[in-house]
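Read the structure below first, then the notes.
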There are 2 protein chains.
Amino acid sequence: MHLPDLSEENAVSGRLIAQLTKIVGEKFLYSDEANRQQYARDETEDLMFLPDVVVKPADTQQVSQVMKHCFEHGIPVTPRGAGTGLSGGSLPVQKGVVLSMERFNRILDIDLRNLQATVEPGVVTQTFQEAVAEKGLFYPPDPASRGSCSLGGNLAHGSGGPRAVKYGVTRDYVLNLEVVLPSGEIIWTGANVLKNATGYNLTQLIVGSEGTLGIITKVVFKLLPYPTKNLVMLVPFASAEAACEAVARIFMAGIVPSCLEFMERDAIDKTIDYLGLPMVVPPHVQAHLLIEVDGNDMDALFKDAERIYEVLAPYETDEILLADTTEQKEILWQLRRKAAYAVRHTSVYKEEDTVVPRAELPKLLRGVKEIGHKYGFRSVCYGHVGDGNLHVNILKGDLSDYDWNHSVTEGIREIFHLVVSLGGTISGEHGIGLVQRPYIGIALGEVQLELMRGIKRVFDPKGILNPGKIF
Amino acid sequence: MHLPDLSEENAVSGRLIAQLTKIVGEKFLYSDEANRQQYARDETEDLMFLPDVVVKPADTQQVSQVMKHCFEHGIPVTPRGAGTGLSGGSLPVQKGVVLSMERFNRILDIDLRNLQATVEPGVVTQTFQEAVAEKGLFYPPDPASRGSCSLGGNLAHGSGGPRAVKYGVTRDYVLNLEVVLPSGEIIWTGANVLKNATGYNLTQLIVGSEGTLGIITKVVFKLLPYPTKNLVMLVPFASAEAACEAVARIFMAGIVPSCLEFMERDAIDKTIDYLGLPMVVPPHVQAHLLIEVDGNDMDALFKDAERIYEVLAPYETDEILLADTTEQKEILWQLRRKAAYAVRHTSVYKEEDTVVPRAELPKLLRGVKEIGHKYGFRSVCYGHVGDGNLHVNILKGDLSDYDWNHSVTEGIREIFHLVVSLGGTISGEHGIGLVQRPYIGIALGEVQLELMRGIKRVFDPKGILNPGKIF
């Protein structure tokens with residue numbers, strides 16, 4: 001994809017830039033190309049869209065004023081968190097203003113009495129996790145990019161991560177949101193309570209709306225007591241489909257692991273290479289499951305582990321690695337967490353975020369491989385299979401640009417049709433953004449889409465906020 | 001409240017009745033007064049609104065056809081589940097058609113491979129719980145009325161119950177909904193998956209919308225493995241405020257009980273009377289906490305119980321009753337579950353469904369009593385205090401009708417202002433419906449309400465579905 005032609009007339013007038021400068025201050029507005037380029041990409045493929053101007057407001061009032069001006073003048077505004085998205089959600093496809101939330105980086109309150117925290121959305125997820133962990137509290141959502149992504153981006157897409165299988169995704173921890181609407185008006189969506197039956201659920205409507213309905217400026221999260229103990233197992237399978245099948249059986253045996261992750265052979269090999277680990281995977285191993293159980297009682301966890309061993313006994317597995325020291329666990333987790341980086345390191349790629357009911361995973365995996373064979377592309381799969389969420393990484397490798405843009409697109413379409421036929425959908429945690437937008441009609445019919453467009457018009461009658469995304 | 005004058009012209013014409021009869025069959029349409037009276041009330045105070053006609057469709061297609069006709073003719077339609085609501089949500093305040101979902105009473109599928117179930121919304125909550133429990137599965141939401149309420153009503157209000165404190169409310173178990181829109185169009189709101197980042201969250205928008213946006217005709221729920229063990233404790237406190245304070249301390253000690261319920265002295269006495277139990281509460285006891293911990297390992301649960309004892313040691317409590325037989329547990333649970341029935345048995349009442357961050361409960365309880373004193377009413381409080389959800393039952397007792405309709409209303413208004421000032425809101429699980437509608441402006445500002453009205457117009461441009469509710 002190429003840069004847009006910079007010689008074309010700039011949509012943002014000098015007058016508007018002056019107004020925006022007055023709001024955020026000269027230091028926090030970029031109109032020069034070098035700085036604007038920093039905000040032209042996220043982590044989605046090789047896409048690049050240059051904004052006309054970048055603003056970095058300091059607080060809710062400034063966001064509100066920026067929105068008021070842009071609303072009045074019909075200028076597109078694309079909100080941006082840490083820019084680690086995988087669906088192009090923060091790319092300014094219609095140019096205009098990128099509104100970066102990077103200065104919203106304060107943890108405002110950790111309320112030990114109520115097990116709640118109030119934070120700004122620009123806080124990096126891991127920073128927040130560590131801050132609450134220091135107080136003995138637990139914020140479970142942990143996307144692979146947790147060291148660099150921000151809470152606001154997690155909210156925009158309803159991000160998950162390995163622990164979602166037991167603890168739920170980002171949306172399950174949100175109690176209340178302060179939001180600036182496209183008109184500049186400021187609202188709280190709910191109340192700071194664990195249950196709320198007071199009107200429509202605006203909170204859950206904003207979460208996952210990918211910055212198209214409003215800009216989140218504060219979040220109240222609920223927290224849990226930190227579970228003090230866990231056990232981690234790495235289980236090598238001779239068959240990838242069998243590994244997927246085993247996933248459902250673990251739950252059927254009455255166990256809810258705190259993580260249940262899958263990695264294809266290719267993903268493990270690439271990650272071992274990438275991390276330079278002194279490990280060799282035996283030739284007959286085709287996939288791994290990484291399984292964690294957690295709680296406060298070690299005896300109970302060993303009993304869980306025993307039951308997992310029993311469930312897995314009928315499968316052809318290599319020796320199960322049981323990690324109970326922090327170091328061993330860390331190595332196993334690195335293997336999983338770095339898989340995405342390792343795979344992307346080797347080739348241009350497209351990452352599809354498929355999700356199905358978990359017992360349908362073997363069918364999905366088989367289908368993905370058959371479709372790849374049909375359209376001539378290779379895929380590396382891993383993901384949060386406890387949730388039925390399989391990340392399918394399609395590698396460009398030696399494919400021609402033509403095949404990459406045409407055959408692969410056809411193949412993706414076929415994968416998504418398969419996913420929907422299995423009761424699933426086309427994104428589990430990455431969002432639709434820009435790159436999945438052409439496929440939304442596979443998952444949602446015209447009636448649902450028309451409802452969503454109607455809701456969009458209620459919040460954003462001029463369509464200025466993150467235009468060109470989702471539908 | 002009086003019956004509307006039956007001599008006034010009927011809003012539903014003979015022609016429409018003929019059309020509706022053609023859709024649902026003569027046997028499943030009532031236009032005679034005796035039958036219509038059966039659908040004129042729910043469990044909210046002494047309210048009564050007579051519908052013009054009652055239809056009981058058999059399936060989604062019939063619901064769709066009923067809606068198409070009513071939409072075309074602009075006839076109000078009020079959907080109705082089991083009629084156990086406490087906010088008047090199913091009362092046909094604008095007359096027209098009551099659409100009863102009572103024939104949607106089938107459990108369509110219990111999917112053991114995926115731990116999911118597909119059900120119709122007219123299934124009674126307890127029936128569903130028992131059906132999945134027989135297969136070793138767990139559907140946690142358990143409103144006090146679970147023996148008579150239906151899943152559809154639970155969805156309409158986002159109902160909770162005692163287990164919500166650990167397991168979440170009804171909305172946390174919904175994966176996907178089949179919904180008939182006011183226009184008669186039929187949609188599924190999502191997919192049968194545990195994570196979904198594909199467009200706006202229509203599922204969570206429908207849940208809690210109190211039948212104002214669409215009529216739920218099928219539900220896909222997620223289920224959990226059934227926890228095999230639990231322990232139940234009844235803790236008598238010398239001070240009700242101290243009991244409320246202890247609630248937050250239990251969580252702060254790292255324990256997430258599976259239930260944490262509060263009952264004021266008055267509630268316990270009335271329930272013991274109502275059930276005819278051979279129990280006497282010592283005179284100095286002012287409140288009880290009912291605490292349950294659950295899991296799969298009894299040793300771990302006894303450790304939890306020990307830690308709870310440690311947390312409670314500094315409080316002035318009477319002897320703690322620890323139930324570990326099924327019979328003992330059942331008696332303790334009866335005490336809590338029947339409290340609402342016992343209290344209502346003694347007087348006309350209004351039940352307020354207050355919810356605050358849990359550490360604010362002592363302030364809430366003190367405030368409720370002070371406000372009652374000021375306005376001259378007596379209240380009996382109990383509730384799901386682990387969630388910060390306190391049910392405040394205001395008793396009519398000897399109050400004059402004038403005081404009941406005026407002073408008490410002023411008092412409720414003051415209680416709700418207090419709740420909001422503590423970070424809470426005016427309904428945790430009962431919904432706004434008809435009776436809390438006058439107070440909605442205390443919890444939500446005009447901007448939020450205007451967004452909600454806008455969403456309502458997107459789904460229901462003619463405003464025919466459950467009119468006169470929420471806002």
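Just so it is clear, the values below take in all heavy atoms, side chains as well, and ignore hydrogens, waters and symmetry mates. Each chain gets a letter, A, B and so on, in the order its sequence line appears, and its residues count up from 1.
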With chain B, which of A:Trp188, A:Phe138, A:Phe459, A:Tyr226 has the greatest number of heavy-atom pairs at distances under 4.5 Å?
A:Phe459

Heavy atoms only, distances under 4.5 angstrom: which of A:Leu202, A:Leu194, A:Val165, A:Asp387 has the most pairs with chain B? Name it, please.
A:Asp387

Does any backbone or side-chain atom of A:Asp304 lie under 4.5 Å from a heavy atom of chain B? Answer side chain, backbone, both or neither.
neither

To the nearest 0.5 Å, atom CG of A:Asn201 lies from atom CG of B:Asn201 at 8.0 Å

Out of A:Asn176, A:Asp172, A:Leu213, return the one with the most heavy atom pairs under 4.5 angstrom to chain B.
A:Leu213

Under 4.5 Å from any heavy atom of chain B - which part of A:Lys469
neither

I need the residue from A:Thr189, A:Asn192, A:Ile440, A:Leu422 with the largest number of non-hydrogen atom pairs under 4.5 Å to chain B.
A:Asn192

Looking only at non-hydrogen atoms, find the nearest pair between B:Glu210 and A:Ala197 and report the distance.
OE2-O, 4.0 Å

What part of B:Asn389 gets within 4.5 angstrom of chain A, counting heavy atoms only: side chain, backbone, both, or neither?
side chain

4.5 Å side-chain heavy-atom contact, A:Val193 and B:Pro357:
yes

Region of B:Glu429 in contact with chain A, defined by heavy-atom distances below 4.5 Å
both

Which residues in residues 244-255 of chain B have any heavy atom closer than 4.5 Å to a heavy atom of chain A?
B:Ala248, B:Phe251, B:Met252, B:Gly254, B:Ile255

At a 4.5 Å cut-off on heavy atoms, which part of A:Tyr200 comes close to chain B: side chain, backbone, both, or neither?
both

Contact leader toward chain A among B:Gly199, B:Gly208, B:Gly160, B:Ala443, where contacts are heavy-atom pairs under 4.5 Å:
B:Gly199

To the nearest 0.5 Å, atom CD of A:Gln448 lies from atom CG of B:Leu181 at 8.5 Å

Heavy atoms only, distances under 4.5 angstrom: which of B:Gly431, B:Gly158, B:Gly168, B:Gly445 has the most pairs with chain A? Name it, please.
B:Gly431

Tightest non-hydrogen contact, residues B:Met452 and A:Thr198, listed as CE-O, 4.4 Å

Heavy-atom pair count under 4.5 Å with chain A, highest-scoring of B:Ala191, B:Gly428, B:Gly454:
B:Gly428

Atom group of A:Val356 that falls short of 4.5 Å from chain B, counting heavy atoms:
backbone

Max heavy-atom pairs within cutoff under 4.5 Å with chain B, candidates A:Arg457, A:Glu360, A:Lys222, goes to A:Glu360

Is there a side-chain contact between B:Gln204 and A:Val207 in this structure, where contact means two heavy atoms from C-beta onward sitting under 4.5 Å apart?
no

So, do B:Arg358 and A:Leu115 sit near enough that their side-chain heavy atoms are less than 4.5 Å apart?
yes

Top residue by heavy-atom pair count (under 4.5 Å) with chain B, among A:Leu444, A:Val447, A:Ile470, A:Leu137?
A:Val447

Do B:Asp299 and A:Lys303 come close enough that some side-chain heavy atom pair is under 4.5 Å?
yes

Quick check on A:Leu451 against chain B: is it the side chain, the backbone, both or neither that has a heavy atom closer than 4.5 Å?
both

Go through the atoms of A:Arg171 and report whether side chain, backbone, both or neither lie under 4.5 Å from a heavy atom of chain B.
side chain

